[in-house]
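Below is one structure, written out as structure tokens; comments come after it.
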Amino acid sequence: MSKIKKTKIADLLKSEEFGKEVLVQGWVRTKRGNKQVVFITMNDGSGMNNIQIVADPAMFSEELLKSVTTGSSLSVYGTIAQSQGSGQTVEVMATEIIVHGLADADKYPLQPKKHSLEFLREIAHLRFRTNTFGAIARIRHNMIFAVHSFFNSKGFYNIHTPIITASDCEGAGEMFRVSTLNPKNPPLNEDGSVDWKQDFFARETSLTVSGQLEGELAAMAMSEIYTFGPTFRAENSNTTRHLAEFWMIEPEMAFYELEDNMNLAEEFLKYLIKYALDHCADDLRFLSDRLIEEERNKPQSERSMELIEKLKFVLDNDFARITYTEAVDILMKSKPQKEGKFQYQVKGFGTDLQSEHERYLVEKHFKKPVILTDYPKEIKSFYMKQNDDGLTVRAMDILFPGIGEIIGGSQREENLEKLETRMDELGMEKESLWWYLDTRRFGTVPHAGFGLGFERLMLFVTGMGNIRDVIPFPRTPKTAEF
Ligand code: 4AD
Ligand code: MG
């Protein structure tokens, strides 16, 4: 057989070059047949749909056909034919089959049946081979691509900010330490504390919780930049929306005020959703059907909106924009508050809103995404621009149905004196952030930015219910095996 180039299954399924010789490579999903004919379905990850291989048992050894089982890997040479079966138009009539890797049929963990998402998390090395994770992996790729495409088209520069850092941007103290000291016997100061000066970086360092502070430095010269990197938070929250390692997109723009920031964030989210609708139709359709199936037994009132309909709904509607204070008013007057149905009662101005409150605003009150602005300064980070009322800061959180907070951002305090006063109030060490404060000393400008949690976006776009299922290798408390 002459060497021919392999064709991806997604391309093959669109081909109408009947009679053409092709090479298909991938993994077996199913095999069935009889003495006259054998049907093998294969997938190579290029798309949702499988190719059907038709093999004449007379042309192959019994041993070879026996070794073709679910999960085994094949190269198949053959010719493109018009399919006789329903549901597909193209199949391949095999002329040569090479089995690369056997998959013991009795031991292969993925059987051609429905597995629970929890079970699939335990076999992360194989879950890429399921329809669900194949779809999610392809959508993830498309969303990554769309992020870069959006900012590139607007003249933003992508900046790599460090992963190892000495500063806690969000000030929440939820950092993973990075150290090469011997944990059993670290060098100590006279007072018994660890002497970090003897550590690798001669200071205490951690994995970053955000690339924002470094991003601000870049924006103070490049005007409009964005970072897209992994971020790490050692918060011990075992929820369906938190990861210890997640990816964040953080644009930072010089000469932007809060309103500009909100406009950009809304345009960005809509661009990403539209990109998914335009480029991931097969995968979204599959995930939509999956969701309908999953919610079949729920009462009508508890079912979520159909996935594609929901994505279009967000595209077609302006996000509601209200202040934190207005939101608290709405919540105080709400039915669940009055009936004591919230797990955490809203106690007026100063309450840190919980996801149940965010979801009430989005899903019950406004019935569309909401941008909340001007939060109390006490519950937000040190860098946010202070309002004249002395109580609130120019923060903005974007809340999405089914998710809660998807974006957090703000206008930044560009005034050195005000920023330093706030840092003093919070007991922060200003000396170690001298490089950040220098941006306010030399050519400071109004500026703003935000952070989009990439996996929260993926939750929304895929309609999945657990953040562990939209990232290939989730890192959560007590899990880092794969
Ligand atoms: O609201 P956060 O903490 O904001 C920042 O880190 C700012 N420095 C961003 C900026 O202004 N440049 O986080 C931003 C977003 C959240 O809205 C959420 O979508 C996501 O990051 N996020 C998480 N996603 C998954 N797991 C976690 N533990 C997350 N924590 C935050
Ligand atoms: Mg936040």
Side-chain angles (χ1 to χ4, degrees), residues 143 147 151 156 159 161 165 167-176 207-219 224-253 256 258 260-262 264-265 268-269 272 324 352-355 357-358 362 369-373 375-376 379-385 393-400 402-413 436 447-461 464 466-471 474-477 479:
M143 291 295 89
V147 165
F151 287 118
F156 281 57
I159 302 291
T161 49
T165 173
S167 53
D168 181 359
C169 172
E170 293 307 304
E174 293 164 335
M175 303 184 83
F176 288 101
L207 297 177
T208 189
V209 296
S210 159
Q212 177 195 323
L213 300 187
E214 294 87 353
E216 283 188 52
L217 270 54
E224 293 172 332
I225 64 95
Y226 69 106
T227 71
F228 187 172
T231 43
F232 308 87
R233 298 201 183 173
E235 52 186 330
N236 202 355
S237 33
N238 241 319
T239 78
T240 54
R241 298 173 311 110
H242 288 88
L243 289 165
E245 176 179 303
F246 62 99
W247 290 72
M248 185 154 50
I249 299 117
E250 296 182 273
E252 191 69 35
M253 297 75 63
Y256 267 51
L258 191 65
D260 310 307
N261 205 27
M262 287 193 274
L264 182 75
F268 179 43
L269 287 168
L272 296 174
Y324 164 91
D352 200 357
L353 301 184
Q354 304 293 323
S355 82
H357 308 134
E358 297 174 342
V362 172
V370 178
I371 313 185
L372 284 191
T373 62
Y375 281 73
I379 56 173
K380 289 293 180 188
S381 305
F382 77 98
Y383 51 71
M384 295 191 180
K385 186 172 175 64
V393 286
R394 303 241 79 192
M396 62 168 217
D397 276 8
I398 304 190
L399 315 179
F400 257 39
I403 311 285
E405 179 188 338
I406 195 165
I407 276 182
S410 73
Q411 188 172 333
R412 318 305 188 190
E413 182 53 74
Y436 180 70
H447 63 290
F450 60 83
L452 167 65
F454 187 64
E455 285 73 23
R456 299 252 174 110
L457 169 81
M458 283 296 299
L459 275 179
F460 184 73
V461 172
M464 299 297 287
N466 192 317
I467 200 161
R468 293 165 179 78
D469 296 328
V470 295
I471 185 166
R475 296 286 173 264
T476 51
T479 37

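Each ligand, and each atom within it, is numbered from 1 in the order the structure gives. Both backbone and side-chain heavy atoms feed into the values below; hydrogens, waters and symmetry mates do not.
Evaluated by nearest non-hydrogen atom to atom 2 (P) of ligand 1, the leading choice among Glu216, Gln212, Arg233 is Arg233.
Residue Ile407 has at least one heavy-atom neighbour below 4.0 Å for each of these atoms of ligand 1: 17 (O). Near Gly408, the atoms of ligand 1 lying under 4.0 angstrom from a non-hydrogen atom of the residue are 1 (O), 9 (C), 10 (C), 11 (O), 17 (O). Numbered from 1 in the order shown, with element, the atoms of ligand 1 that lie under 4.0 Å from a heavy atom of Gly409 read 11 (O).
Separation of atoms CD (Glu174) and CG (Asp168) is listed at 8.0 Å; rounding is to 0.5 Å. Taking OG1 of Thr161 as the start and CD1 of Ile225 as the end, the distance is 8.0 Å to the nearest 0.5 Å.
Scanning both residues, Met384 and Gly409, for their nearest heavy atoms gives CE-O, 4.1 Å. Annotation for Met253 and Gly449: closest pair CE-CA, 4.0 Å, computed over non-hydrogen atoms.
A side-chain donor-acceptor contact under 3.5 Å links His357 to the backbone of Gln354. Arg412 places no side-chain N or O within 3.5 Å of a backbone atom of Lys385 that could act as its donor or acceptor partner. In this structure, Arg241 contributes its side chain and Ile403 its backbone to a donor-acceptor pair below 3.5 Å.
Protein N/O/S atoms found under 2.8 Å from the Mg ion (ligand 2), listed by chain and residue number: Glu405 OE2.
Using a 4.0 Å cut-off between heavy atoms, Glu405 contacts ligand 1 through both its backbone and its side chain. With a 4.0 Å heavy-atom cut-off, ligand 1 is reached by the side chain of Tyr383 but not by its N, CA, C or O. Looking at Glu252 against ligand 1, nothing comes within 4.0 Å, counting heavy atoms. Counting heavy atoms under 4.0 Å from ligand 1, residue Phe450 touches it through the backbone alone. With a 4.0 Å heavy-atom cut-off, ligand 1 is reached by no atom of Asp397. For Arg241, every heavy-atom contact with ligand 1 shorter than 4.0 Å involves the backbone, none the side chain.
Side chain to side chain, Glu250 and Ser210 meet the donor-acceptor criterion of an N or O pair below 3.5 Å. Between the side chains of Thr165 and Ser167, a donor-acceptor pair is found at a separation under 3.5 Å.
Counting only heavy atoms of the protein, atom 26 (N) of ligand 1 lies nearest to Leu243 N, 3.0 Å. Counting only heavy atoms of the protein, atom 15 (C) of ligand 1 lies nearest to Gly451 O, 3.6 Å. Nearest protein heavy-atom contact of atom 11 (O) of ligand 1 is Arg412 NH2, 2.9 Å. Nearest to atom 18 (C) of ligand 1 among the protein's heavy atoms is Arg456 NH1, 3.4 Å. In terms of protein heavy atoms, atom 9 (C) of ligand 1 is closest to Glu250 OE2, 3.3 Å. Atom 14 (C) of ligand 1 has as its closest protein heavy atom Met248 SD, 3.3 Å. The shortest contact between atom 7 (C) of ligand 1 and any protein heavy atom is with Glu170 OE2, 3.2 Å.
Residue Gly453 places at least one N or O, backbone or side chain, under 3.5 Å from an N or O of ligand 1. The shortest N or O to N or O distance between Ile406 and ligand 1 is below 3.5 Å. Looking at ligand 1, you won't find any N or O of Phe246 less than 3.5 Å from one of its N or O atoms. Inclusion of Ser210 in the set of residues having an N or O under 3.5 Å from an N or O of ligand 1 is warranted. Considering backbone and side-chain N/O atoms, Leu452 never comes within less than 3.5 Å of an N/O atom of ligand 1.
Between Phe232 and Phe246, a ring centre-to-centre spacing not shorter than 6.0 Å is recorded.
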- prompt: Can you check side-chain contact (heavy atoms from CB on, under 4.5 Å) on Phe400 and Leu459, steps first, answer last?
  reply: CA-CA 10 Å; Phe400 257 39; Leu459 275 179; over 6 Å; no
task: Decide side-chain hydrogen bond (donor to acceptor under 3.5 Å, both in side chains) for His447 and Glu216; before the verdict, give the C-alpha distance in whole Å, the side-chain angles of both, and the deciding distance to 0.1 Å.
output: CA-CA 8 Å; His447 63 290; Glu216 283 188 52; 2.7 Å; yes
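Ring pair Tyr436/Phe382 is perpendicular by interplanar angle, where above 60° counts as perpendicular and below 30° as parallel. The aromatic rings of Phe151 and Tyr226 sit parallel to each other, their planes meeting at less than 30°, with 60° as the upper class boundary.
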